[in-house]
Amino acid sequence: MSSTSGMTFYSAAEPQLVDAVSRMYTKFQEDYKPVLMNQPFIVKAPKPTGAGTSIIFAERIITSKYAHQTPEGEPADTFPAVTGYEKAAYIEYFKKNISITRTMRVAGKENEIQDNIQSLIEAPKNRIELDLAHLYSNAWSTSYTNLDGISVDVSSGDGLALISAVHTLTGVGTTWSNQVPNNPAFSKASYELAQQIALRNAYNNLGENGDFMISHLITSDDPVTVNQAKELFNATANVTSDNANTFNVYQKNAQHVIAPLIATNPNGTRNTSYEKYWFVVDAKQSSTYLTILEQPYLRTPQTVASAVDFITENLNFLSGVSYGIATVAAHGVGAGSKGDGSAS
């Protein structure tokens, strides 16, 4: 008998084992602190049950934001409404199954049991985090192949990659860009350039000037990039000045979100090619949706019949979740850079 997460853990008695797993699962859900899933720039949209496995998200219908001069006695002009882009999110199921063998249960292999159970209860939310991170890992592509070998569409509603120099609008022929030219590494100068790009390309679908206020900086956990951001945001004076009486205008300018999984391959292994990626985001403008049909769940021998296989005597547990992700328009990501100095 051993203890994990403050609970007594039994390796032999099946009822106690099932109970311990259930309590560990509940505690994990309470304590789990995701990096991306709870961020305001990921819009949560619960999927109603009984309503199919897809949901279409759309930009708001707009008209001109300005009143127009009207001659005396003349009727005011009526301006047509312009629809925005649409994007469908498709619900997929993600599951993990483990089998606790009879030998593991009776031979005192408690560490092995604990490792298996821990991976089981973490798997659903870990997968959501991985898929959200890979939106940014693949921000210069319209699709990628996930760890299951399945092609995933990560284009925005205009059919282009999340980061593109030629994004389109539905109401006019204007194109706009959220690509930081030449993909500079994060610095004070490149951050200011990203601010300019985000503001100068903040259009609505009629081509009118819109709003953009950086709320978040997103990076991987690359130490150089992270430290540059910390220096910029946390310095008590202008970072390029020796004058103690100057102040740092970037303090509280944006929240720095460090998402280690951005710098990973589809299977979660490290990919140094993505380490320098960084993005500036306006959460209020974001239209990246996470829609969950079934929240993470656990199936135990108390909820599933015949969980102990008659032939193998394995005790089976399963965890799962079902969700979809879609980005309607890229406006929420004001600017992005690969950070490697490559041509954009």
Side-chain angles (χ1 to χ4, degrees), residues 29 32 34-62 83-96 123-164 167-170 178 204-205 215-216 218 257 259 261-262 264 266-268 279 281-297 319-334 336:
Q29 304 308 311
Y32 185 73
V35 175
L36 291 171
M37 187 165 57
N38 286 350
Q39 294 295 338
F41 52 81
I42 303 296
V43 184
K44 270 65 71 178
K47 179 74 169 69
T49 58
T53 56
S54 65
I55 182 170
I56 296 177
F57 298 103
E59 291 185 282
R60 292 180 179 179
I61 298 173
I62 64 167
T83 58
Y85 286 109
E86 296 181 347
K87 190 73 176 182
Y90 296 94
I91 301 296
E92 303 290 350
Y93 273 85
F94 302 88
K95 303 177 184 180
K96 182 180 178 67
K125 286 192 173 179
N126 283 348
R127 180 57 188 263
I128 296 175
E129 280 290 301
L130 183 70
D131 287 353
L132 288 173
H134 286 162
L135 289 177
Y136 302 100
S137 309
N138 299 279
W140 283 265
S141 302
T142 56
S143 66
Y144 74 98
T145 301
N146 69 13
L147 68 84
D148 302 299
I150 297 171
S151 180
V152 178
D153 177 11
V154 288
S155 64
S156 56
D158 60 8
L160 300 173
L162 183 64
I163 302 299
S164 172
H167 279 298
T168 57
L169 305 171
T170 59
N178 59 356
N204 64 21
N205 275 313
S215 61
H216 295 78
I218 307 172
V257 176
L261 290 175
I262 288 177
T264 61
N267 62 358
F279 309 86
V281 174
D282 182 351
K284 291 182 179 179
Q285 304 296 330
S286 180
S287 60
T288 293
Y289 290 89
L290 169 65
T291 180
I292 297 180
L293 177 60
E294 288 190 80
Q295 293 288 340
Y297 58 86
S319 63
V321 65
S322 59
Y323 61 89
I325 300 170
T327 298
V328 180
H331 297 292
V333 182

Donor-acceptor pair, S322 side chain versus E294 backbone, under 3.5 Å?
yes
May I ask you to test the K47-T53 pair for a side-chain heavy-atom distance under 4.5 Å?
no
Drop me the distance from Y93's OH to L293's CG, to the nearest 0.5 angstrom.
5.0 Å
So which heavy atom on H167 is nearest to which on A161, and how close?
CE1-O, 3.0 Å
Can you check side-chain contact (heavy atoms from CB on, under 4.5 Å) on I218 and I262, steps first, answer last?
CA-CA 9 Å; I218 307 172; I262 288 177; 3.7 Å; yes
Is there a side-chain contact (heavy atoms from CB on, under 4.5 Å) between T288 and F41? Walk through the geometry before answering.
CA-CA 7 Å; T288 293; F41 52 81; over 6 Å; no
dist R60:CZ -> S287:OG (nearest 0.5 Å) comes out at 11.5 Å
Less than 4.5 Å apart, side chain to side chain, heavy atoms only: is that true for T327 and V333?
no
Testing the basics here: between P124 and P296, what is the closest heavy-atom pair and its distance to 0.1 Å?
CB-CB, 3.9 Å
Does some side-chain heavy atom of D131 sit less than 4.5 Å from a side-chain heavy atom of V152?
no
F94 atom CZ, over 12 foreign heavy atoms within 6.0 Å
yes
Side-chain donor/acceptor of N178 to backbone N/O of L162, under 3.5 Å
yes
CD1 on I91 to OH on Y323, rounded to 0.5 Å:
10.0 Å
Tell me which pairs pass side-chain hydrogen bond (donor to acceptor under 3.5 Å, both in side chains) where either residue lies in residues 135-146, with sequence neighbours left out.
W140-Q179
If you apply the rule side-chain contact (heavy atoms from CB on, under 4.5 Å), what do you find for V43 with F57, and how did you get there?
CA-CA 11 Å; V43 184; F57 298 103; over 6 Å; no
Please answer whether the main-chain N or O of M37 pairs with a side-chain N or O of K44 as donor and acceptor at a distance below 3.5 Å.
yes
So, H331 versus S156: side-chain donor-acceptor pair below 3.5 Å or not?
no
Are K87 and D153 packed together at the side-chain level, in the sense that at least one heavy-atom pair is separated by less than 4.5 angstrom?
yes
Drop me the distance from E59's CD to T170's OG1, to the nearest 0.5 angstrom.
6.5 Å
Which value, rounded to the nearest 0.5 Å, describes the distance between L169 atom CG and N204 atom CG?
8.0 Å
At their closest point, which heavy atom of I42 faces which heavy atom of L36, and how far apart are they?
CG1-O, 3.5 Å
Between E129 (side chain only) and K125 (backbone N and O only), is there a donor and an acceptor less than 3.5 Å apart?
no
Would you check, one step at a time, whether the test side-chain contact (heavy atoms from CB on, under 4.5 Å) holds for L130 with L147?
CA-CA 10 Å; L130 183 70; L147 68 84; 3.5 Å; yes
Do any pairs count as a salt bridge (Lys or Arg N to Asp or Glu O under 4.0 Å) and have a residue in residues 281-293, sequence neighbours left out, and if so which ones?
none
